[in-house]
2 protein chains.
Amino acid sequence: MDTGTNTEAAIARTLKKNNLSITESRKKILQLFLEQTGALAHGDIEKKAGEKFDRVTVYRTLQTFVEKGIIHTIPTADNSIRYALCKDACSDGHHHDHHVHFVCTNCKKTYCLDDVVTPEIKLPKDYTAEQVEVVVEGLCRDCR
Amino acid sequence: MDTGTNTEAAIARTLKKNNLSITESRKKILQLFLEQTGALAHGDIEKKAGEKFDRVTVYRTLQTFVEKGIIHTIPTADNSIRYALCKDACSDGHHHDHHVHFVCTNCKKTYCLDDVVTPEIKLPKDYTAEQVEVVVEGLCRDCR
DNA sequence: TTTGATTTTGCAACAATGTTGCTTTTTAAT
DNA sequence: ATTAAAAAGCAACATTGTTGCAAAATCAAA
């Protein structure tokens, strides 16, 4: 049994499912996410895959993946967008990532806590909530 | 009674309280925040005050204000840090902005909901929470 | 399997954003 | 008024993100 082949098959399936043609850069970048526990910033991806692909390609691939609901963005206080894989429930343009994100203040890794659901927030009368983003900062498993 | 003078006095007091010398750029930028309901992105500040000050001065002033706890940053999903005034409880380096932030999906304004406290989040055992950031997206007062 | 339309990539040029070192100016205390 | 310390301005640079277009890869058809 060849794990490499299986992963590659899963990647191809994901791309097909989203009506995306199967290209080297998409395969490579999607694989980076699958190999990864935490989330990835654009810079990380550029470093890891960047020798092989143009910067522009990385930007466009990430954009495409977000649009298709394959990955989602995670807001952070510093100026670096982070991306993480979506669960299957996500689809074109509409994300259902109602989970909490965790950023380690020590190692700076970002995690999706898929089992921790974002709470209801009581807003002042005049505001309507569409989506709630929760980012918790602290120490992760490995850092304490 | 001259409101302008009073505001200016309040600004000077804030700067003094934080051991900052009173300069034109600091006064101007602090005034922008006081005049403002919502939060300001760096770009906004540069546009509003930028004709008078160097870009670098704006960067350094914002950085100083954050360090002193006069303003705090607000995480967003797009790549633009936003800044808003801190309540008095904030001090050097340590912020106590345990309130929810609101971003209007229509007008893109960002608000501090000072009265809405961030909830407790139950994390998996292995994680330690230090700070919880909540950003709610939706429609603000003016946009619905 | 080859062909051909369509999509994606890479390149180049550019725009915007953020950073650093150094000189001049401003501030505030004497 | 003098002066040491702090901040602003300037220039140059680094990083990050965007756009248009030509070349290459993908995929569906014959």
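In the text below, chain A, chain B and the rest are named by the order of the sequence lines, each starting its count at 1. Because the structure is predicted, anything quoted here is derived from the model rather than measured.
Between atom CG of residue B:Asn106 and atom NZ of residue B:Lys108 there is a gap of 7.5 Å, rounded to the nearest 0.5 Å.
Within the nucleic acid shown, A:Ser25 comes within 4.0 Å of sugar-phosphate atoms alone, with no base atom in reach, counting heavy atoms only.
Nucleotide C:dT7 holds its C1' atom 17 Å from the CG atom of A:Asp54, rounded to whole Å. B:Gln63 places its CD atom 18 Å from the P atom of C:dT17, with the value rounded to the nearest Å. In this structure, A:Tyr59 places its OH atom 16 Å from P of C:dC11, rounding to the nearest Å. B:Asp44 places its CG atom 15 Å from the P atom of C:dA16, with the value rounded to the nearest Å. The NE2-C1' distance, from A:His42 to C:dT17, rounds to 14 Å in whole Å. Note: CD1 (A:Ile22) to C1' (C:dT7) measures 14 Å, nearest angstrom. Spacing between atom CG of A:Leu62 and atom C1' of C:dT9 amounts to 15 Å, rounded to whole angstrom units. Following rounding to the nearest Å, A:Ile81 (CD1) and C:dA16 (C1') show an atom-to-atom distance of 15 Å.
In terms of phosphate contacts, A:Arg26 brings a side-chain nitrogen or oxygen within less than 4.0 Å of OP1 or OP2 of C:dT8. Note on A:Thr61: every side-chain N or O is 4.0 Å or more away from OP1 and OP2 of C:dT8. Listed pair A:Ser21 / C:dT7 fails the phosphate criterion, with no side-chain N or O lying under 4.0 Å from OP1 or OP2.
Scanning all heavy atoms of the two residues, the minimum distance from B:Lys48 to B:Gln36 falls at NZ-OE1, 3.5 Å. Scanning all heavy atoms of the two residues, the minimum distance from A:His72 to A:Cys112 falls at NE2-SG, 3.6 Å.
Side-chain contact between A:Thr105 and B:Glu130 is present, with heavy atoms from C-beta onward closer than 4.5 Å. Looking only at side-chain heavy atoms (C-beta outward), B:Cys140 and B:Lys109 stay at 4.5 Å or farther from each other.
Taking the 5' to 3' direction, DNA chain D first and last meets chain B under 4.0 angstrom from a heavy atom at D:dA6 to D:dG17.
Toward the 5′ end of DNA chain C lies the nearest nucleotide of A:Leu20, the other residue of the pair A:Leu20 and B:Leu20 mapping further downstream. Taking the nucleotide of DNA chain D with the nearest heavy atom to each of B:Val56 and B:Asn19, the more 5' of the two is matched to B:Asn19. Toward the 5′ end of DNA chain C lies the nearest nucleotide of A:Thr57, the other residue of the pair A:Thr57 and B:Gly43 mapping further downstream.
Taking the ring centre of A:Tyr127 as origin, the terminal cationic atom of B:Arg144 falls outside the region bounded by 6.0 Å and 45° from the ring axis.
Ring centers of A:Tyr111 and A:His101: at least 6.0 Å apart, outside the cut-off.
Side-chain atoms of B:Arg55 come within donor-acceptor range of the base of C:dG18, with a qualifying N/O pair under 3.5 Å.
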